[in-house]
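The structure under discussion appears below in the form of structure tokens.
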Amino acid sequence: FEAAQILHRYGYTALLGSISNHVVTGGDKLNQAQIAELLTQGHELASHTSEHCALALPAGNYANFYATPTGGTWENCNPNVASLLNQNQVAFQLGDSKAVMEKTFGVAVRAIIYPYGYYNDITYQESLNAGYVLGFRFPSQVNQDIHSYSHTLELPRMRIMRGASL
């Protein structure tokens with residue numbers, strides 16, 4: 001919240017990636033009132049799915065990668081890293097999140113920030129089907145630099161962690 005306030009003070013806006021189940025249940029880093037306030041300042045809301053399930057796995061060795069939600073239940077997440085969500089589960093994670101946040105905040109949610117930065121052909125197609133026009137992934141997934149992308153549903157993103165210096 002404080003970072004977005006600082007951006008606003010200097011005339012910048014942010015894309016706020018939120019997990020819809022966390023926003024609704026109060027488990028998100030930003031509560032509904034804070035998100036609503038930031039939206040009035042020109043910031044935009046993006047989906048980070050319903051439960052932060054991994055929609056795809058990274059290429060190569062993923063022995064240390066855990067497809068777990070950051071909260072909620074396993075209802076729509078598969079705790080077995082060796083298998084992915086099926087296409088219907090991916091569609092639910094993408095579509096439900098968008099619908100819930102649009103209803104809750106009364107704004108269009110045009111962007112998806114893929115959990116863990118990973119996506120695949122199914123995720124890409126279901127993002128289109130859900131109506132997203134922007135999708136953000138990690139550049140290292142496809143060995144591309146931050147300035148390389150071929151479609152607006154595969155834009156690179158950078159993770160900025162608490163305590164990062166400029």
Side-chain angles (χ1 to χ4, degrees), residues 3-4 13-25 27-30 35 38 43-102 104-105 107-162 164:
T13 58
L15 186 62
L16 310 169
S18 293
I19 302 163
S20 62
N21 280 358
H22 294 194
V23 170
V24 172
T25 62
D28 205 12
K29 292 176 175 45
L30 294 174
I35 292 172
L38 293 174
H43 300 286
E44 190 170 338
L45 189 58
S47 169
H48 203 35
T49 70
S50 288
E51 298 174 302
H52 201 260
C53 298
L55 303 178
L57 294 176
N61 181 1
Y62 52 83
N64 294 319
F65 180 84
Y66 300 98
T68 60
T70 56
T73 68
W74 287 111
E75 181 179 347
N76 293 300
C77 294
N78 190 334
N80 181 355
V81 137
S83 64
L84 293 172
L85 299 177
N86 66 42
Q87 189 162 353
N88 289 336
Q89 291 168 319
V90 169
F92 172 82
Q93 288 294 319
L94 294 166
D96 182 67
S97 177
K98 186 177 192 306
V100 166
M101 290 199 291
E102 287 179 342
T104 301
F105 296 104
V107 297
V109 175
R110 303 175 321 121
I112 175 70
I113 300 172
Y114 304 115
Y116 309 103
Y118 300 113
Y119 71 101
N120 59 22
D121 291 342
I122 291 172
T123 306
Y124 181 90
Q125 185 58 52
E126 291 303 331
S127 295
L128 283 173
N129 292 346
Y132 293 105
V133 295
L134 301 171
F136 294 90
R137 51 115 178 134
F138 286 134
S140 60
Q141 179 189 355
V142 288
N143 296 324
Q144 295 176 338
D145 68 39
I146 193 71
H147 304 289
S148 177
Y149 62 93
S150 58
H151 190 278
T152 60
L153 281 172
E154 49 187 3
L155 297 168
R157 69 175 169 127
M158 293 175 57
R159 179 179 293 182
I160 300 174
M161 303 300 288
R162 185 180 307 259

Mind running side chain to side chain contact (heavy atoms under 4.5 Å, CB included) on L15 and F136 for me, showing each step along the way? CA-CA 11 Å; L15 186 62; F136 294 90; 3.4 Å; yes
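Side-chain contact, T123 with Y114: no donor N or O sits under 3.5 Å from an acceptor N or O.
Residues V109 and S47 approach most closely at CG1-N, 3.6 Å, considering heavy atoms. Of all the heavy atoms in S18 and S97, the pair that sits closest is O-OG, 4.4 Å.
Taking NE2 from H52 and CD1 from I113, the interatomic distance works out to 9.5 Å, rounded to the nearest 0.5 Å. Expressed to the nearest 0.5 Å, how far CG of L45 lies from CZ of F105 amounts to 6.0 Å. Atom NE2 of H48 sits about 11.5 Å away from atom OG of S20, to the nearest 0.5 Å. M101 CE to D96 CG: the interatomic distance, rounded to the nearest 0.5 Å, is 9.5 Å.
Although no hydrogens or angles enter the test, the distance criterion places no donor-acceptor pair under 3.5 Å between the side chain of H43 and the main chain of L16. A distance-only check finds no donor-acceptor pair linking the side chain of S50 to the backbone of N21 [under 3.5 Å]. In terms of modelled atom types and a separation under 3.5 Å, the side chain of Y132 and the main chain of L94 share a donor-acceptor contact. R110 places no side-chain N or O within donor-acceptor distance of the main-chain N or O of V133, the cut-off being under 3.5 Å.
Residues forming a ring pair (Phe, Tyr, Trp, His ring centres under 6.0 Å) with Y124 (at least two apart in sequence, or on another chain): H151. In this structure, T49 has no side chain to side chain donor-acceptor pair (under 3.5 Å) partners at least two apart in sequence or on a different chain.
A 4.5 Å side-chain heavy-atom check between Q93 and E126 finds every atom pair outside the cut-off. Two residues are said to be in side-chain contact when any heavy atoms from C-beta on lie closer than 4.5 Å; Y119 and I112 fail this criterion.
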